Amino acid sequence: PARPLARRRRRRRCGASGRSRGGAMSQGAMPEANHLMTEEGVSTGLFCVADQKIHTDWTYVGEGKGAFTQQQVYNFVGEQRGSFDKHETKTYSHWRPRLCTLVLLGIAAVALAVFALVQYLTLGSATDASTCGAQDCLCGFHTGWEDDKKVWCCQNHGMGCPPDNSMQPMTGIGKLASPLQGCATKCELKGISADCSARVNFASEHRFQMDPNKCQSAYELVKQQCIFCSLCPVESTGCGVPTPLSLVEMQNETVRS
């Protein structure tokens, strides 16, 4: 006898289990025939979806031996009271992530990247601070110091002083009056604020003018007064280089000649 195949679509939850208690069957089927039914649908889980197929095989097992009876539909009549038994086979294919799963994975990846970046920056700052000496005022200035180091560096080197002037450097020590920017860094000493280059040139022309190494001597003096001027190489100060005549000086030279 022929084996009819019934197909219908339905939607099931991913991971659902249990046995169905009924299914469609063509009228007039012979009691001794086996009938195969295939149901297709989409199984949806928490993180995935998949195509689902359920194969139901109705097998004739004899009068009074099965759990179902054959009518226009298969009806559950109780164990050992029907003539058919039901066997289902579920298969899943084409597994693919749901949209919400992709979104969650993206959020998790971004969060992990941000966490790793914060840990890297925090560890780097802590490492930089830990490798600086307690009295090394040129190390770790941008990443921050402990309070004890701020006090020592302000009093001894004019760095890290509070903006309210509640603490000042010792006599003869210049105070940092600008961001660290090489030869353009300003040092305030005795109420006068001037950059490192200007201080070296002034000292070379007014205090060490008779010294054959006046530029180096002036540079060493400025470094003692303003330690952060050591970030300005002496050759970058312009010391010893003749300065161009100003317009007034050029006019005076012309008149004298």
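Note that the structure is predicted; figures quoted are calculated from it, not measured.
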What distance separates [X] [atom1] from [Y] [atom2], expressed to the nearest 0.5 Å?
| X | Y | atom1 | atom2 | value |
| --- | --- | --- | --- | --- |
| W152 | D136 | CH2 | CG | 9.0 Å |
| W58 | H87 | CH2 | NE2 | 10.0 Å |
| M159 | C137 | CE | SG | 6.5 Å |
| L112 | I107 | CG | CD1 | 13.5 Å |
| C153 | Q135 | SG | CD | 8.0 Å |
| R98 | L104 | CZ | CG | 10.0 Å |

Taking the side chain as every heavy atom from C-beta outward, state whether [X] and [Y] have any pair of such atoms under 4.5 Å apart.
| X | Y | value |
| --- | --- | --- |
| L180 | L231 | yes |
| K86 | T56 | yes |
| L176 | H157 | no |
| T59 | D85 | no |

List the atom of [X], the atom of [Y], and the distance in Å for their closest heavy-atom pair.
| X | Y | result |
| --- | --- | --- |
| A203 | A218 | CB-CB, 3.7 Å |
| M167 | K150 | CE-O, 4.4 Å |
| P169 | G158 | CG-CA, 3.7 Å |
| G64 | S83 | N-OG, 4.3 Å |
| C215 | G240 | SG-N, 3.5 Å |
| C48 | W95 | SG-CZ3, 3.3 Å |

Q) Would you say Q181 has more than 12 foreign heavy atoms packed within less than 6.0 Å of its CD? A)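 Atom CD in Q181 is packed in, count exceeds 12.
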Q.
Apply disulfide (SG to SG under 2.5 Å) to residues C183 and C196 and explain how you reach the verdict.
A. CA-CA 5 Å; C183 293; C196 297; over 6 Å; no
Q: Provide the full list of ring pair (Phe, Tyr, Trp, His ring centres under 6.0 Å) pairs with a residue in residues 162-203, sequence neighbours left out, each pair given once.
A: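 Residue pairs passing ring pair (Phe, Tyr, Trp, His ring centres under 6.0 Å), neighbours aside: F202-H206.
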Q. Under 4.0 Å between a Lys/Arg side-chain N and an Asp/Glu carboxylate O for K90 and E88?
A.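 Not counted as a salt bridge, because no side-chain N and carboxylate O are separated by less than 4.0 Å.
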(Q) Applying side-chain contact (heavy atoms from CB on, under 4.5 Å) to T101 and R96, what does each step give before you reach the verdict? (A) CA-CA 10 Å; T101 303; R96 53 201 178 274; over 6 Å; no
Q) What residue pairs, at least two apart or across chains, pass salt bridge (Lys or Arg N to Asp or Glu O under 4.0 Å) with a residue in residues 185-210? A)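 As it turns out, the salt bridge (Lys or Arg N to Asp or Glu O under 4.0 Å) pairs with a partner in residues 185-210, which skip direct neighbours, are E205-K214.
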Sequence neighbours left out, cut at 3.5 Å: what donor-acceptor pairs do the side chains of residues 219-229 make with other protein atoms?
from, atom 1, to, atom 2, distance (Å)
Y219, OH, C232, O, 2.7
E220, OE2, Q216, NE2, 2.8

